[in-house]
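Have a look at the structure below, then the notes.
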Amino acid sequence: MASKGLAPTLPAMSKLGKAYEPKDVEGPLYEWWEKQGFFHAEPDADGQPYSIVIPPPNVTGSLHVGHALDNTLQDALIRRARMRGLNAVWLPGTDHAGIATQNVVERQLASEGISRHDLGREAFIERVWQWREESGGVILQQLRRLGASCDWEREAFTFDEQRSRAVREVFVTLHEQGLIYRGYRLINWCPRCLSALSDIEVDHIDEPGELAYLRYPQMDGGDGVVVATTRAETMLGDTGVAVHPDDERYRHLVGTTLRLPLLDRELPVVADDHVDPAFGTGAVKVTPAHDPNDYEIGQRHGLETIDIMTDEAAISAAGGPYAGLDRFAARERVKADLDALGLLVRVEQRVHSVGHCSRCGTVVEPRLSDQWFVNVGPLASKAIEAVRDGRTRFVPERNAKGFLNWLENLHDWCISRQLWWGHRIPAWYDAEGHVHVLREDPTPEDEAERGLVRDPDVLDTWFSSALWPFTTMGWPDRTPELETWYPTSVLVTGYDINTFWVSRMLMMGLHFMGGVEPFGTVFNHGMVRDRHGKKMSKSFGNTIDPLDLIDEYGADALRFALIRAATLGQDVPLAEEWVEGARRFANKLWNAANLVLLLTGDEGPALTAEGPPAAGLALEDRWILSRLEAARAAVDEDLDGYDFAGAARSLYHFIWDEYCDWYLELAKLREDRESKRVLLAVLDAVLRLLHPLMPFVTEEIWRTLCAAHESDSLVVAAWPSTDPARRDLRAETEFDALRDVVTELRRFRADHRLPTAARIDVIAVAPGERRTELEAGLDGIRRLSGVGQWIFADDPSRAAGGPLGKVPVTGADLFVPLAGLLDLDEERERLTRELDKAKAELARAEGKLANAGFVD
RNA sequence: GGGGGCGUAGCUCAGCGGAAGAGCGCCCGCCUUACAAGCGGGAGGUCGCAGGUUCGACACCUGCCGCCCCCACCA
C-alpha cells in the first residue's frame, strides 16, 4: 500500500450513534480510504497477483442499477482478495462509446438547431471532448459512492493517448496479418445514424407486416412466376428470380428471362439450392444489393447488383420513377402500382422479424457497402479452444455453451463506422485509389506528394474495448503491470455482453498476448429486474435510480440488497423494500455493536487483540464460536464459487438469528472477562467477513470497537482463516437443547396468552445428566423465557399441589403450575393435537427403521 | 428452427436424495434500558401436471402444460 503521506483525516470515533446514519459515515470514510492509498496496488508488491478490469461504463453515462450490481460484485471480490493478502488491483476506466456518445452530442446540437455537419468534423469532435470533460467524471464519482475500491491512480479511457496507440498497433498488425481487410460487402446500415453496424448491433423484433405476392411475367408475355416479399420496394433492385433446381413447377423456366414490372428490367431465372420450394411460391425474387441471401445467390449466378437506396434509405435514382420516395412510402406505392396492373396477386398479413438499430431503434437496411472487416475465423478458433480447454471457464458453466455456439457461427466483423467520434482508421488512399495502412501518420509533404487522403471512418467502439484487459496495463509497452496482473483473475459481467465484449476480448487477448487468455474465469451475473422479475426499462417506467437508493438507505443497504438477490446465474429482482430490509440489517449490526460497546466498556481493542479465549468458556461461548466457524466456512465456500447470495444469507442468519438473538441476550447476564472477549472476537470476525459486502458500516464499527490504532482499517485487515477444528458439535447439540427449552416455554406462554410481564414457574423432572445440563443453563433459560421460580422435583403434582401444564422438551418433562391462569379444556385439546402429531411422526420413523434398506 | 432458464407460502426467491425454508406481506402479543429500522409467538405450501427410478423424491429420469430469455439470412 502506498500511503500518500497524509495523516488520517478521520476523527476518532469513541462512540457509535443511536442509529446507523450512512450519510454521516460513507463520504468521510471513502475519502479517507482513497487518501490512505488502500486501493492502490503496485506490481512488485508482495502477494499472489489478483486483478480485475472494470467493464468500462460509457464516459458520459450515469450509474444505473446494472452498474451497481456489477460493480458491487467486483468490489466484493477485490476487497476479499485484498484482505486475504493478495496483490489485488481493480483497474477502472471508461469507454468512449462511439455511437452512443455521438448521438448524445448530436441531440444537444439539434436542440440548438444545428447539425454536426454545420460544425464540421474537427469542431464537432472538440465539442464531444468538451462534453466528456463535463460529464466524464460523473459515473466514476458515482462508483465511489457505491464504495467501489478501484485503483483510481490507474484510471484508463478507451480513447486516451495510451489506448489509442494500442488500437493503432492492433489495427495495423491485424492488417499486416491479413486479418483485417477492406471489402465491398453487404452490411447493416442505419439510415438515421448514417453508419454501418455489426450484426450484434442489430436487434431483431417481431412485427406485423404484409407478405405481398407479386407476379413477374415472362418477357414474351407468358404468366411467369409469382414471388413473395415483405419489402415490396426492394423489387426495384431485383436482378433475377431463383427457384430450386429440383422444383418441377419451374424447371421449364430456368434459363429464361422474366420482365420486372414497373421498371421493365430483364430478370434471368436461375436455379439455386438455397431456395426452399416449400416456402411461399417456391420462387424467390433476388435483390443482391439489399438482402444477405440474395447477395449470395447473386454472387453464385453472376447477377447484377443494383443499389436502389440513398444513405437515408430513400429510393435512389436507380429506382426510376420512385426516386426520392422514402422506403416505406415506396413500399406502399409499389404495391398499389402493381395492383393497378393486376400484378399484385394477393397480400397476407404476416409477423416477421425486423432488424432495428440497437442504438436508435431505426429499422436497419441491409446494404452493399465498402467497409473494413475483421476476418474472425482464425481468432475465433483460438477463443473456442481456450473455452473448450477450460483455460477460460464460465460461471455458471452453462453459459459456455451459448458462447461457443455463437463463436462457431461467426460472420466477419464489420468494424468501420461512418461516425466522427472514435478511433480514426489508420488508412490512406493514394491518387490511384490504393490503400495504405500506416503505423505512423504520413508527413504533410508525403501526403501532398502522393495525394494521400485519409479514410474518414472510425472504428467500432468494441474494437478498443476488446483490448481492455491488456491496454489498461500499458500494452503495447512491456510493463511490470502486464507481467504481474495479466491475465486477469476474473471478468465480472452480465451475460448480455458475452458476445459484444467477452468474445472480442478473448480473441484479441489470445492473439496479442502470446496465446494467453485475458481472464481465467468469466463470472456472469444476471440482469437487475423489478420486483416482479420484469425487465427494467424507461418505457415501462419501472427503473430505479441507485443513487436515490444510496441517498435514502445507504450504499451498504443497496449493495446488500443486490447481493442477497444475486443467486448464481439468475436475474436479480430489486425493489425498494428489499433495500429497506438491508438497511435494517445494517442498523441491527450497528446496534449489536452498541451493545457490545456497552458490555465491554472501553476495553474493546485490547480485548480484541487477545483473540478468542480458549479456556474458561461457558456453553454459549463454545456454541457461538462454533457457529462462527460454520458461518466463516460457508462464506468462504460461497464466495469461492461466486455465490454471493449464499454468503449474504449465511452472514445475515448468523448475525441476526444466532449472535444477536441468542448470544447477545445471554451475554447481558454476564460480566466475566471471557464473555467480553468472545463478544468482541465474534464481532471482529463478523465485521471482517461482512466487509466486502458492506464496507461502510463494518469499517465504522470496526474502527470504533476493534481497531488497535487510529490508522487501522478493515480495508487492509486480514481475512479470517477457517479451521474445521474450531467446530464444537457437542456444544452445538447441548446449546440447541437449551434453546429448545426456551422456545417451548415461550410458545407455552404465547399459546396461553400469558402476559409478558407475568413470571411463570417451572417444575422440572429430569434424569441426572439432563438435570445437570439444565442447571448449567438455568440463568439463561430463565432470562430468555421469563421464568420466575424453577425447581426440580420427582413428583410434580405433589410439588405443585394444583393443575399443571406440561411443556414438551427433549429429555425432560417441564410442568407449569397453572394456578387458574387458563382454561383446562382448551389445554387438553391442544395437547391432544400435539399427541396426534407425535404419533404420526413415530409411525413414520418406525416405518423407516423397519426397512432394511434404510438402516443400511 | 436451434440453445438456455424458470414454474416451491400472498409477492420475490433459496433448497436440489433422508421429517418443507428465508426476506417482505399477513395475524396475535409486547416501548422486556442495543435496536419499535426492534422483541416473542403464529397462520399460510397434495414444492406446475402425469408417469418412472429408489427403501425413500420438492430434489434424479421421461413426457406434457405454462411463462421468460438468447441465437438464426425463413424470401
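Numbered from 1 within each chain, the chains take letters A, B, ... in sequence-line order.
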Report which part of the nucleic acid [X] touches: base, sugar-phosphate, or nothing (heavy-atom distance under 4.0 Å, all strands).
| X | answer |
| --- | --- |
| A/R564 | sugar-phosphate |
| A/V275 | base |
| A/R649 | sugar-phosphate |
| A/H204 | nothing |

Between protein and nucleotides 30-38 of chain B, map the contacts as a letter string: B base, S sugar-phosphate only, - none, heavy atoms under 4.0 Å, written 5' to 3'. S-B-BB-BS
B/S/- contact track for nucleotides 3-11 of chain B, protein heavy atom under 4.0 Å: SSSS----S
Atom-pair distance ([atom1] on [X]; [atom2] on [N]), nearest Å:
| X | N | atom1 | atom2 | value |
| --- | --- | --- | --- | --- |
| A/H244 | B/A75 | NE2 | C1' | 15 Å |
| A/F560 | B/C24 | CZ | P | 12 Å |
| A/D740 | B/G41 | CG | P | 12 Å |
| A/E296 | B/A72 | CD | P | 16 Å |
| A/R746 | B/G29 | CZ | C1' | 14 Å |
| A/E744 | B/G40 | CD | P | 15 Å |
| A/H352 | B/A75 | NE2 | C1' | 11 Å |
| A/H411 | B/C71 | NE2 | P | 13 Å |

Between A/F644 and A/F523, does the ring centroid distance fall short of 6.0 Å?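 That pair passes the under 6.0 Å test.
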Between [N] and [M], how far is it from one [atom1] atom to the other, in whole Å?
| N | M | atom1 | result |
| --- | --- | --- | --- |
| B/G4 | B/A19 | C1' | 35 Å |
| B/C13 | B/C74 | C1' | 39 Å |
| B/G66 | B/G23 | P | 35 Å |
| B/G52 | B/G5 | P | 26 Å |
| B/A20 | B/G44 | C1' | 13 Å |
| B/G63 | B/C26 | C1' | 39 Å |
| B/C47 | B/G2 | C1' | 31 Å |
| B/G38 | B/U46 | C1' | 38 Å |

Distance under 6.0 Å and angle within 45° of ring axis: A/R564 vs A/W578: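 Pair A/R564/A/W578 does not count as cation-pi.
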Check whether A/Y213 forms a cation-pi arrangement with A/R346 (NZ or CZ under 6.0 Å from the six-membered ring centre, at most 45° off the ring normal).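 Ring-cation test returns yes.
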Of all the nucleotides listed (B/G41, B/C13, B/A75), which has the minimum atom distance to the side chain of A/D276?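 When the side chain of A/D276 is considered, B/A75 is the closest of B/G41, B/C13, B/A75.
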Partner nucleotide of [N] by Watson-Crick or wobble geometry (both distances under 3.5 Å):
| N | result |
| --- | --- |
| B/C6 | B/G66 |
| B/G17 | none |
| B/C58 | none |
| B/C30 | B/G38 |
| B/U12 | B/A22 |

Between [X] and [Y], is any side-chain donor less than 3.5 angstrom from a side-chain acceptor?
| X | Y | value |
| --- | --- | --- |
| A/H244 | A/D272 | no |
| A/E700 | A/Y20 | no |
| A/N524 | A/Y642 | no |
| A/D238 | A/T287 | yes |
| A/H356 | A/E207 | yes |

Neighbour count >12 (heavy atoms, 6.0 Å) for atom CD, A/E637: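 Not more than 12 within 6.0 Å, no.
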Report the relative orientation of the aromatic rings in A/F654 and A/Y659; use parallel for angles under 30°, tilted for 30 to 60°, perpendicular for over 60°.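 Answer is parallel, since the angle falls under 30°.
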Which word best sums up how the rings of A/W656 and A/F585 line up, parallel for under 30°, tilted for 30 to 60°, or perpendicular for over 60°?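 Parallel.
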Let me know, please, whether A/R350 or A/T567 comes out on the 5' side of the other along RNA chain B by nearest nucleotide.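 Between the two, 5'-proximity favours A/T567.
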In terms of the nearest nucleotide of RNA chain B, which residue is placed more toward the 5' end: A/D571 or A/Y495?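 This one resolves to A/D571.
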Between A/R746 (side chain only) and A/G786 (backbone N and O only), is there a donor and an acceptor less than 3.5 Å apart?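 No; zero donor-acceptor contacts below 3.5 Å.
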Under 4.0 Å from OP1 or OP2 of B/G42: is there any side-chain N or O of A/R747 that close?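 For B/G42, OP1 or OP2 has a side-chain N or O of A/R747 closer than 4.0 Å.
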